[in-house]
Number of protein chains: 2
Amino acid sequence: MTEEEFLKQYNIHDFDVPLCTVDIAIFSLINNELHTLMVLREEHPFKGKWALPGGFIHLGEDDSTESAAHRTLRQKTGMKSAYLEQVKTVSSPKRDPRGWSLTVLYFALVDINQVKRIDTDKKSTWMPLSDLKQHDLAFDHIELIRSATNRLHAKATYTALPIELMPTEFTLTELQHVFEMILGRELQAKAFRNRVLSANMVAETGNSKISGKRPAKLFKSTGVNREMFFNRPLME
Amino acid sequence: MTEEEFLKQYNIHDFDVPLCTVDIAIFSLINNELHTLMVLREEHPFKGKWALPGGFIHLGEDDSTESAAHRTLRQKTGMKSAYLEQVKTVSSPKRDPRGWSLTVLYFALVDINQVKRIDTDKKSTWMPLSDLKQHDLAFDHIELIRSATNRLHAKATYTALPIELMPTEFTLTELQHVFEMILGRELQAKAFRNRVLSANMVAETGNSKISGKRPAKLFKSTGVNREMFFNRPLME
DNA sequence: TCAATAGTGTCTTTCAGACACTATGCT
DNA sequence: AGCATAGTGTCTGAAAGACACTATTGA
């Protein structure tokens, strides 16, 4: 048989195949707390439960799981681009009652001020991470969120990725507080500032922010944080 | 409709679904060189080309993509357990001529002395990494191998994972040479030894190896390398 | 005794941690 | 002037880099 003949007779529907989805944990800062965007499932299975945004890959529309993730992100937040990173692929015969399933998990970091639109057709909400355990989420999404959070936590110790969560202008103290929230512990101002400043990850905007007492210089991201790795982690 | 009714009428074959596979780059040391196990494709597509071991998930047999990877590893090397790590999931409508496809990539590190059996039904070979570019591999497998190699390289800078490639007993100089091969540069004996010894990643066996001149102490892995991360990378 | 490989002593450099200190602007 | 927050000076310690040095064996 030639390859052409083979491809002609090949039909994926002759085989048992897994269900194949993409899920994204979209993280954002609201009132100095980490939130993740959740959508209410309006169909079975897990109807009425909160779930991560995502779903089946649209074979005609998506060029990769990453572009499926971008599409979802666009639909839910109106953002054309944002930091998006693949976390891992999780699979099991049990995690979806419809059958053997596999999901490619991503996480995104967005500045909440850039979020333009939230799909009105589906009920969705920004849920603080601290509230998650009180909800009985769909599928294994609580586990997925934990995996995404762990990745974010790890990245905060050896990169400056959390800058992606910040508004256009921010003070270094504000940035430090975000890191502290993600890492769950306090940081030394000196070490923290040395690190981001000497790596040129932020640049002064010339503006400052008066929050009552001494005004703090405002900084903006230089974008270096997307690729740069520090060669020592923050603490152990 | 109840969930039960929904599940009863749900049929995955009503939808367009991607092809879904698992591939593994199985790395091993042969004659002081990194090799990866390749199998000859005996069917279309890419018939007659070399490819990474792997293939479709067996829904009845595999509990996850990881167990599909373990099954493949067992079939190709006879090894029940070995270091196995998920690298990433790669997808595209073009990478497989049969249609939209997705593969979950793993890499494994094996001690070549523990490899018991190589499937006799499929032609397979250990290919040195340096030879790969001379071959026209199936699918995007050359890219997948590059991704797996990059991961191994990164891990060698901040963990002692390459210990998994070593035989039961080895000298520190031999281990250092393996790191040097993976990293593509020379290391300082002092720094290298301090690092693995103070982390208790290896333990003396009491034996030594005479290779002509001063005998070198033999060490064995303590297994610590699987989880331990150094808090500074080797060089930049 | 010498060649060759194994393994160490020790100085430098880098950067995080600790923490006391100074700076600024509002009230 | 006082106070709260912004931001710095400077010492310590841990671990990597450099590189000269010593140790052990067989021939």
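What's counted below: heavy atoms across the whole structure, side chains too, no hydrogens, waters or symmetry copies. Protein chains get the first letters and strands the later ones, always in sequence-line order, with residue 1 at the start of each.
Going from atom CZ of A/F219 over to atom P of D/dG7 covers 6 Å, rounded to whole Å. Atom-to-atom, CZ of A/F229 to P of C/dC15 comes out at 17 Å; the value is rounded to the nearest Å. Summarising the geometry, the separation between CG on B/L234 and C1' on D/dA15 is reported as 11 Å, rounded to the nearest angstrom. Summarising the geometry, the separation between CZ on B/R195 and P on D/dA18 is reported as 14 Å, rounded to the nearest angstrom. Between the CD atom of B/E174 and the P atom of C/dG7 there is a distance of 10 Å, given to the nearest Å. Spacing between atom NZ of A/K209 and atom P of C/dG25 amounts to 17 Å, rounded to whole angstrom units. Look at CZ on A/F192: it is 19 Å from C1' on C/dC19, rounded to the nearest Å. Rounded to a whole Å, the CZ atom of A/R193 is 16 Å from the P atom of C/dG17.
Put simply, B/Q188 has a side-chain N or O that comes within less than 4.0 Å of OP1 or OP2 on D/dA18.
Taking the side chain as every heavy atom from C-beta outward, B/L197 and B/V202 approach each other to under 4.5 Å. Residues B/L137 and B/M38 form a side-chain contact, since some pair of their non-hydrogen atoms from C-beta on lies under 4.5 Å apart.
Because its NZ or CZ atom is both nearer than 6.0 Å to the ring centre of A/F230 and within 45° of the ring axis, A/R195 counts as a cation-pi partner of that residue.
Scanning atom types as modelled, one donor and one acceptor separated by under 3.5 angstrom connect the side chain of A/K190 and the base of D/dG9. The base of C/dA23 sits with one of its N or O atoms less than 3.5 Å from a complementary donor or acceptor on the side chain of A/R214.
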Output a table of nitrogen or oxygen pairs between the protein and nucleotides 12-14 of chain C separated by less than 3.5 Å.
from   : atom 1 : to     : atom 2 : distance (Å)
C/dT14 : O2     : A/R232 : NH2    : 2.3

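For the pair B/L197 and A/K213, nearest-nucleotide mapping onto DNA chain C gives the more 5' position to B/L197. Of the two residues contacting DNA chain D, namely A/N194 and A/A216, the nearest-nucleotide position lying further toward the 5' end is that of A/A216.
B/A189 comes within 4.0 angstrom of nothing in the nucleic acid, heavy atoms only.
Salt-bridge annotation for B/K155 and B/E85: present, with a side-chain N of the basic residue lying under 4.0 Å from a carboxylate O of the acidic one.
Tested against B/F170 for a side chain to side chain contact (heavy atoms under 4.5 Å, CB included), the candidates B/T205, B/L175, B/V178 yield a single pass: B/L175. Between B/T103 and the options B/T89, B/D23, B/T65, a side chain to side chain donor-acceptor pair (under 3.5 Å) holds for only B/D23.
Listed for the B/S221 side chain is a donor-acceptor partner under 3.5 Å among the backbone atoms of B/G223.
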